[in-house]
Amino acid sequence: MIGIILGSKSDLSYIENYLSLFEEFDIPFTFKISSAHRTPEETKSIVKSMEEKGVKVIIALAGAAAHLPGVIASFTVLPVIGVPIPSSDLKGMDALLAIVQMPGGIPVATTAIGKAGVKNAILYSFAILSTENESLKNKLVKYREAQREKVLKDSKETEEKIKTGNAKFFSL
Ligand code: RP5
């Protein structure tokens, strides 16, 4: 259902920790490394093959002059989410601007730079699928609820910890 393409093996460390989200949400995914400038023809075949296999959203990670998401979007009308990777000396600002500044007509959604961007790209792809999948929508709601509970728990625990000595701490 979700296709992932990395511009280079050097981008792998940014997504490794989040691949478990596919298991957690029970969403099938496929994965390839393909470069827009080193393997342009293979990139096109991969996109076409993803379309044939029923992929609904493509997530593309790319750093530096990050043209991969735009090139992918040139081959398909499927939603493409580009994640700027901070792999260059410009720490992802180059990739962010390259991905976000797509000329009008060939849309590419853009996330934050790096790991937060990768995590959100995956969750956003689930959100797209959830518009036609009630059970997935419920899972996303539960995922948000767990984050809310964690913040409340963190606040309570931290409050207890900092109430030390004779400080005039007051609880809300
Ligand atoms: C981009 O250039 C890749 O997405 C990677 O982030 C960056 C550097 O690639 P390598 O030279 O490490 O393969 O194409």
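Every number for a ligand or one of its atoms is a count from 1 in the order of the listing. Heads up: numbering here begins at 1 and tracks the sequence. Given the structure is predicted, the values throughout are model-derived calculations rather than measurements.
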- Item | Shared hydrophobic cluster for L21 and I81 (ILVMFWY, side-chain gaps under 4.5 Å) | yes
- Item | From E145, K139, Q147, residue fulfilling side-chain contact (heavy atoms from CB on, under 4.5 Å) relative to Y143 | Q147
- Message: Counting non-hydrogen protein atoms only, what is the nearest one to atom 14 (O) of ligand 1? Give residue, atom name and distance.
- Response: H37 CE1, 3.4 Å
- Message: Tell me if the centroids of the rings in F22 and F31 come within less than 6.0 Å of each other.
- Response: no
- Tell me: protein heavy atom nearest atom 7 (C) of ligand 1, and distance? S87 OG, 3.5 Å
- Message: I'd like to check whether S35 has a polar contact with ligand 1, where a contact means an N/O of the residue lying under 3.5 Å from an N/O of the ligand.
- Response: no
- Message: Could you identify the single nearest non-hydrogen protein atom to atom 3 (C) of ligand 1 and state the distance to 0.1 Å?
- Response: D11 OD2, 3.4 Å
- Item | Within-4.5 Å side-chain heavy-atom neighbours: I2 and L129 | yes
- Message: Using a strict threshold of under 4.0 Å (side-chain N to carboxylate O), is an ion pair present between K48 and E51?
- Response: yes
- Does any N or O atom in G63 lie less than 3.5 angstrom from one in ligand 1, N or O only? yes
- Query: What is the closest protein heavy atom to atom 8 (C) of ligand 1, and at what distance does it sit?
  - Reply: S10 OG, 4.0 Å
- Note on the structure: Near A62 (heavy-atom distance under 4.0 Å), the atoms of ligand 1 are 4 (O)
- Specify the protein heavy atom at minimum distance from atom 11 (O) of ligand 1: its residue, its atom name, and the distance to 0.1 Å. R38 NH2, 3.1 Å
- Could you tell me whether K53 atom NZ has more than 12 heavy atoms of other residues or ligands within 6.0 Å of it? no
